[in-house]
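Input: a single structure, listed below in C-alpha cells.
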Number of protein chains: 2
Amino acid sequence: MSQRGPYAKGVAKREEILGRALEVVARQGYRGASVQVIAETVGLSQAGLLHYFGSKEELFTAILRKRDELDHLTSAPPAGPRAARDAFVQVVARNAEVPGLVELFSRLAVEAVDPEHPAHGYFAERGEVLRGMIVGALAQHSHPTALPPKMIARVVQAVVDGLQLQWLLDPSVDMAATTDAFLNLLAPED
Amino acid sequence: MSQRGPYAKGVAKREEILGRALEVVARQGYRGASVQVIAETVGLSQAGLLHYFGSKEELFTAILRKRDELDHLTSAPPAGPRAARDAFVQVVARNAEVPGLVELFSRLAVEAVDPEHPAHGYFAERGEVLRGMIVGALAQHSHPTALPPKMIARVVQAVVDGLQLQWLLDPSVDMAATTDAFLNLLAPED
DNA sequence: GTCTATAGAATGATAGAC
DNA sequence: GTCTATCATTCTATAGAC
C-alpha cells in the first residue's frame, strides 16, 4: 500500500473522480455546467459528488488544479530558454483541444475576482507561479530585457489569457501560432 | 425638436436611464449585480427597467455599448501614430477608474462566448472594430512590422483584456503603465 | 459512501392594474 | 409608462434513509 492513514481511500477515489470530471469537461465542453450534469457524466448523484467536494466552487477549483498538475505547471520547468518556451507554447496548443476547460478557467477567473470567492486564492497563486516561471526563463538570457522582467511576465500572461477569450469567441483564432509569434518578437534570439 | 417620429421620447428616456446605469455601475461597482439592484439605483422598479430593455443581457450590452460610445471607440481615431497610441493608453488608464464596468465587461465577455448568447454579436463586432483601429494605426508607420498587422492587433487586444483580469484580481497592477511599456516595445520609434 | 428527497434562495420574466 | 404581484425556473446545499 502506498498510502496509509485515514482518508487514504477517500483521497484516491476523489482523485479518480477528478480525473473523470476533467475528461468530461475537456471533451464534452462546459457551458456553465451545473454540479448535477457533471455528477451524471461521472456516474454519481449530485449529492454523491458534493460529498467529495464541499461545494460547487471547490469542485471546479479542484478540476483546474488537476489540470495544472497534468500540464506540469506545478513542477520545475525544462532547463534552457528554448525548451521552456517550447513547453509553454505546447501547453497553449493543447488548450485548443479542450475548449471546455478553457471556458471553465475563464469563467471562474472572472468570478474569483471577488476576494471572498473560494477560488480567489487559487488564481492569485497560480498567476504568481506562472509569472515566476516566465521571469525564470527570461533570466537565462544573456541579453538584458528592455522591460522589467516582472512586467514582461504580466504581459505574457495577459496575452495567453486574452487570446483564450478571443479563441472562445471565434475558434478560428490560432492561439498557439499567435503566442509563438509574439514570443518570437519578445526574444528573437531564442 | 431634434428628434421626431414614434419612440422619440422613449428613446430619449432610454438614453437617460442608460447614462445613469453606466454611472452607477462605474462608481458603485458591479458584483454580478441583478436587474433589481440596478433598477433601484436608477430609480425604477425591476419591471419598469425591463420595460426599456427586454432582458438582462440586453440591458448589460446596452451599457457596454454606451461606454464604447463615450470612449470614442465608435468614432474615428485620432490621426498620427503617436496620437492614436496616447488615446489608446488613455482609455486603459480611465478603465482603472471604473472597476465595475471592467468587471461587467469581463464577465459578459465570457458568457457571450456562446454563439446563442445575446451579446455574442456585440463582442465579435467590437473586437473587429478595435483590431481594425490598431491595424490602421500600424499602417501609418514607415517601418514594416515584423508580424502580420492582424496578428499584432490580436496580441494588443489580448494584452488589454488579460491585464484587466489581472487588475481585477489585484488592483495594484498598473494596467496603463504596463500597456504603455508594452506598446513601447512594439513600436519604439513612436 | 451513496442515494432520494427536499429545503431554500435568488432572480428573470410576465400579467395586469392604474 | 410604471408599478405590484406573482410565476417559473434553476441550482446549490443538506437532511436523513439505507
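Letters go in sequence order (proteins before strands), and every chain restarts at 1. The shown structure was predicted, so the numbers you read here are calculated from the model rather than taken from an experiment.
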- line: Quick note, A:Y52 side chain, CB onward, closest among C:dG1, D:dG1, C:dA15 is C:dG1
- prompt: In Å, rounded to the nearest 0.5 Å, how long is the span from CZ of B:R126 to CZ of B:R131?
  reply: 10.5 Å
field: Value in whole Å for how far the P atom of C:dT4 lies from CD of A:Q36
entry: 10 Å
message: Among B:D161, B:V156, B:L163, which residue satisfies the side chain to side chain contact (heavy atoms under 4.5 Å, CB included) criterion with B:V159?
response: B:L163
field: Spacing of B:L50 atom CG relative to D:dA5 atom P, expressed in whole Å
entry: 18 Å
query: D:dT10 P sits how many Å from B:K56 NZ, rounded?
result: 15 Å
- request: Would you mind telling me which of C:dT11, C:dT2, C:dA13 lies closest to the side-chain atoms of B:E57?
  value: C:dA13
- prompt: Any salt bridge between A:R107 and A:E103, counting N to O under 4.0 Å?
  reply: yes
message: In this structure, how many angstroms lie between the C1' atom of D:dT12 and the CD atom of A:E111, rounded?
response: 14 Å
query: Where the side chain of A:S45 is concerned, which of C:dC3, C:dT11, C:dT14 is the nearest nucleotide?
result: C:dC3
task: Round to a whole Å and report the spacing from CD of B:E16 to P of D:dG1.
output: 13 Å
Atom-pair distance (CG on A:L59; C1' on D:dT12), nearest Å: 12 Å
- prompt: Considering only C:dG12, D:dA13, C:dG1, which nucleotide approaches the side chain of A:H51 most closely?
  reply: C:dG1
- request: Verify the ring-centre separation between B:F123 and B:F105: is it less than 6.0 angstrom?
  value: yes
query: Between D:dT12, D:dA5, C:dT2, which nucleotide gets closest to the side-chain atoms of B:A47?
result: D:dA5
Separation of atom CG in A:L49 from atom P in D:dC11, rounded to whole Å: 15 Å
task: Compute the ring centroids of A:F60 and A:Y122, then answer whether they are less than 6.0 Å apart.
output: no
- prompt: Whole-Å distance between C:dA10 P and B:E40 CD?
  reply: 14 Å
- line: Side-chain contact check for A:Q46: nearest option of D:dT14, C:dA15, C:dG12 is D:dT14
